[in-house]
Amino acid sequence: MSPDDERSPLSIGIDIGGTFTDFVMYDHDAGAVNTFKVLSTPADPAQAVLEGLRRLSPATGQSVVHGSTVATNALLERKGACTAFITTRGFRDVLQIGRQTRRNLYDWFSGGVPALVPQDRCLEVQERLDHRGRVLQPLATRSLSSLIRALREKRVEAVALSLLFSFVNPEHERQLAQRLREAGFFVSASHELIPEFREFERASTTVVNAYVSPVLNRYLETLEESLPGGSFHIMQSNGGRIQAAQVRQEGVRSILSGPAGGVIGAEYLARLAGFSQLITFDMGGTSTDVSVVNGGIRTTSEAEVAGMPIRVPVLDIHTVGAGGGSLARVDAGGALRVGPESAGADPGPACYGRGGRVATVTDANAFLGRLPAAGLLGGELPLDLEVTREALASLSRELAPYAAGARVDLEELALGVLQVVNAEMERAIRVTSIERGHDPREFVLLSFGGAGGVHACELARSLNVGRVLIPMEASTLSALGMLTANVFLDYVQTVMCPGETPFEELERRFVPMMEQAQEDLATQQVQVPARHVHCELDLRYQGQSFELTVPFSLDFQTAFHEQHAQRYGHKDEAAGLEIVNLRVRAIGDVSPPRMETQDSGSADSSGAVCHERRLVFASGPRSVPFYDRSLLRPGNHVPGPAVIFQDDTTILLSETDHADVDAWQNVLVTIGDARAESR
């Protein structure tokens with residue numbers, strides 16, 4: 001479909017999680033949003049996606065935006081393409097040497113993260129440029145035939161090229177990439193992906209891209225063959241969508257696509273509800289992702305995944321291995337641990353009755369009565385509480401030798417599992433908020449993900465956050481966020497200019513990058529009402545090692561000093577500045593789904609109460625009403641303790657909490673004994 005075609009009648013957002021694959025459909029004509037989930041298929045993620053698409057039976061011409069974990073899993077599990085690394089003669093060890101930093105400073109036996117490319121597939125070519133891009137030694141083109149033979153002998157599928165100073169002068173790298181592509185290899189060239197200085201980080205990013213892109217390419221090819229026409233976009237780690245054809249060449253840009261979709265969706269719904277300061281809390285089946293939105297979403301170019309530096313822009317998200325499927329265990333010292341290992345979708349938590357035998361966070365919640373008795377997904381996934389009891393009993397037997405012979409009560413054990421996982425998630429929130437100068441009391445905790453609502457209020461209480469916002473679409477918010485995401489295209493170029501460089505000179509340097517951005521934006525196969533190009537500068541004080549990114553404007557120096565003071569607590573306006581990189585972001589605005597409001601009515605919510613059940617809190621058991629969220633209306637007030645359930649997520653209110661339903665059908669919980677100020 002060309003950019004000038006009529007808008008697709010149906011937009012579909014798809015997010016693959018560790019346990020479930022989420023689908024959100026938006027009918028543009030009816031203005032209706034519908035959601036559902038299917039169990040993920042880790043062995044072949046495409047199966048779950050295709051199963052969901054078959055359930056939809058969409059007409060031709062639909063628009064699909066997909067957040068894929070394929071590239072992430074290929075990197076985490078070391079199941080990417082057979083990759084070779086080619087660099088300038090004398091620099092083949094750059095991946096192994098890295099930054100020579102020790103992750104565990106006092107552990108003499110701690111090794112670094114193994115390089116993705118083994119030493120025997122790190123090859124060299126004869127060529128050399130100086131730091132200004134001038135040729136010191138021409139590329140030895142006669143040796144390329146023997147290089148290609150060596151790659152074929154090693155059964156290499158993908159090649160990562162990162163020649164010295166190719167970000168200044170890419171000519172040698174361009175020639176080499178052309179020859180290798182003609183020979184049939186997938187080629188990831190650093191000057192095309194990240195023309196930026198810092199040799200190790202540039203090489204690492206280029207290698208990761210070469211390693212994951214062929215795997216992602218095969219996956220996307222399988223999906224595209226099954227899609228009945230229309231546009232097909234992939235969610236990027238930077239919070240924007242991009243045409244699938246481009247991701248096939250730059251798979252590294254989708255490494256954190258699922259979590260990015262969640263932050264985008266959370267910011268969109270919070271803005272509609274009138275909140276601009278929020279901590280996003282996304283608890284799924286395998287992990288928890290946390291980010292801070294303080295009037296805008298923060299992007300970083302200093303991410304690290306599986307120990308590998310990745311220097312493409314990504315949303316600033318902190319992830320921990322704590323989710324509903326996280327396994328509970330006893331460590332060698334007799335301490336109760338939860339995660340990061342997960343039961344995933346197969347077999348899943350013990351209570352799913354699919355063969356799981358190890359207690360998980362979901363099992364603990366189910367055993368304490370905090371999940372609907374009818375099961376999950378509206379009853380499609382019933383809960384087997386007998387198997388849950390057996391799993392917890394097995395865990396208690398592991399703890400018994402460390403309990404001085406005392407009997408381990410199963411309810412206390414389940415509460416302990418929840419306390420441990422809550423502590424892990426609380427640390428993640430503190431890393432992204434308190435440790436970066438943000439006061440959580442000034443923020444709203446926006447909870448989403450299938451498992452988030454059961455834990456959000458207790459976490460807010462621990463952090464003194466006064467309010468928790470839980471959207472109606474909480475369980476599938478990452479997929480919804482993909483439908484609200486604009487098209488983002490990012491470009492970078494290292495320049496190393498003094499801070500006094502005239503504004504007009506910087507404008508001139510931005511021109512070719514902006515022209516390329518506009519040209520690429522026109523090929524994205526999406527109808528956008530507006531296009532924008534934003535320019536930024538990476539700045540630092542002279543002598544510093546790292547940079548801050550500020551908007552390109554007449555007063556960019558002032559903006560840098562202010563941001564430096566905010567980030568580090570000090571500034572030096574008399575010190576000289578250095579402009580390291582130019583950055584350009586092209587944005588194609590996409591019309592998001594229309595979220596309809598409803599008029600507020602009575603505060604009486606008694607009509608939504610379905611039944612009462614015994615729940616176990618840390619203070620003891622209580623009989624608690626269960627509210628069907630589909631029966632709650634704007635204006636309704638729900639006092640705690642209570643459980644508010646829907647098909648795909650559950651919200652737990654303690655004795656001192658109370659909730660109100662707003663016009664957008666969000667549940668806004670006021671934490672009764674938190675010390676946060678209401679704003």
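In this text the structure is predicted, and so the values were computed from the model without any measurement. Along the sequence shown, residues are numbered consecutively beginning with 1. Values below: every heavy atom of this structure, side chains too, minus hydrogens, waters and symmetry copies.
Put simply, the side chain of Thr280 gets close to the backbone of Ser291: a donor and an acceptor are under 3.5 Å apart. Looking only at distances, a side-chain donor or acceptor of Ser326 sits under 3.5 Å from a matching main-chain atom of Gly323. Looking at Ser40, its side chain does come within 3.5 Å of a backbone N or O of Thr21 through a donor-acceptor pair. Ser213 contributes a side-chain N or O that, together with a main-chain N or O of Gly251, makes up a donor-acceptor pair within less than 3.5 Å. The backbone N or O of Arg311 lies less than 3.5 Å from a partner atom in the side chain of Thr205, making a donor-acceptor pair. Remark: side-chain polar atoms of Thr72 are paired, donor with acceptor, to backbone N or O of Ile255 under 3.5 angstrom. Between the Arg121 side chain and the Thr83 main chain, a donor and an acceptor come within less than 3.5 Å of each other. With hydrogens and angles ignored, the 3.5 Å screen pairs a side-chain donor or acceptor of Thr288 with a backbone N or O of Ala322. The closest donor-acceptor contact from the side chain of Asn34 to the backbone of Met25 lies at 3.5 Å or more, if one exists at all. Counting only distance, with no hydrogens or angles, the side chain of Thr300 and the backbone of Ala303 share no donor-acceptor pair below 3.5 Å.
The residues Arg461 and Glu458 are annotated as salt-bridged, a charged nitrogen and a carboxylate oxygen being separated by less than 4.0 angstrom.
To the nearest 0.5 angstrom, Asp282 atom CG is 9.5 Å from Ser475 atom OG. If you take OG on Ser68 and CG on Leu220, they are separated by 6.5 Å, rounding to the nearest 0.5 Å. Glu224 CD to Phe232 CZ: the interatomic distance, rounded to the nearest 0.5 Å, is 5.5 Å. Rounding to the nearest 0.5 Å gives a distance of 5.0 Å between OG1 of Thr362 and OH of Tyr352. The line from CG of Leu368 to CG of Leu410 is 10.0 Å long, rounded to the nearest 0.5 Å. Rounding to the nearest 0.5 Å places NE2 of His318 at 12.5 Å from CE of Met425.
Closest approach of Thr484 to Gly481, counting heavy atoms only: OG1-O, 2.8 Å. In terms of heavy atoms, Ile644 sits closest to Ala659 at CD1-CB, 4.5 Å. Minimum interatomic distance between Ser254 and Val247 (heavy atoms only, all atoms of both residues): OG-CG1, 4.1 Å. Here the closest heavy-atom approach between residue Leu392 and residue Ala414 is recorded as CD1-CB, 4.3 Å.
Contact annotation: the side chain of Val312 never approaches that of Asn238 to less than 4.5 Å [non-hydrogen atoms, C-beta and beyond]. The side-chain heavy atoms of Glu612 and Pro625, taken from C-beta on, include a pair separated by under 4.5 Å. With contacts defined as side-chain heavy-atom distances shorter than 4.5 Å, the pair Leu615/Pro641 does not qualify. Counting heavy atoms from C-beta outward, Ile14 and Leu53 have side chains that approach closer than 4.5 Å. Leu315 places none of its side-chain heavy atoms less than 4.5 Å from the side chain of Pro259. Proximity of Leu483 to Val33: side-chain heavy atoms (C-beta onward) are nowhere separated by under 4.5 Å. Residues Phe448 and Ser478 form a side-chain contact, since some pair of their non-hydrogen atoms from C-beta on lies under 4.5 Å apart. Counting heavy atoms from C-beta outward, Leu652 and Cys457 have side chains that stay 4.5 Å or more apart.
Pairs engaging residues 349-367 under the salt bridge (charged side-chain N to carboxylate O under 4.0 Å, His left out) rule: none recorded [sequence neighbours left out]. The stretch residues 411-424 participates, sequence neighbours left out, in these side-chain hydrogen bond (donor to acceptor under 3.5 Å, both in side chains) pairs: Glu411-Arg614, Asn422-His455, Glu424-Arg427. The stretch residues 205-226 participates, sequence neighbours left out, in these ring pair (Phe, Tyr, Trp, His ring centres under 6.0 Å) pairs: His66-Tyr219.
Relative orientation of the His611 and Phe626 rings is parallel, given thresholds of 30° and 60° on the angle between their planes.
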#### Entry: Test log, rule side chain to side chain donor-acceptor pair (under 3.5 Å), inputs Ser231 and Ser63
CA-CA 5 Å; Ser231 65; Ser63 170; 3.2 Å; yes
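Under the salt bridge (charged side-chain N to carboxylate O under 4.0 Å, His left out) test applied with Lys37, the options Asp22, Asp15, Asp647, Asp648 reduce to a single match, Asp22.
Shown here is Arg389, whose CZ atom has no more than 12 heavy atoms of other residues, nucleotides or ligands within 6.0 Å.
At least one test fails for Arg370 against the ring of Phe645: distance under 6.0 Å to the centre or angle within 45° of the axis.
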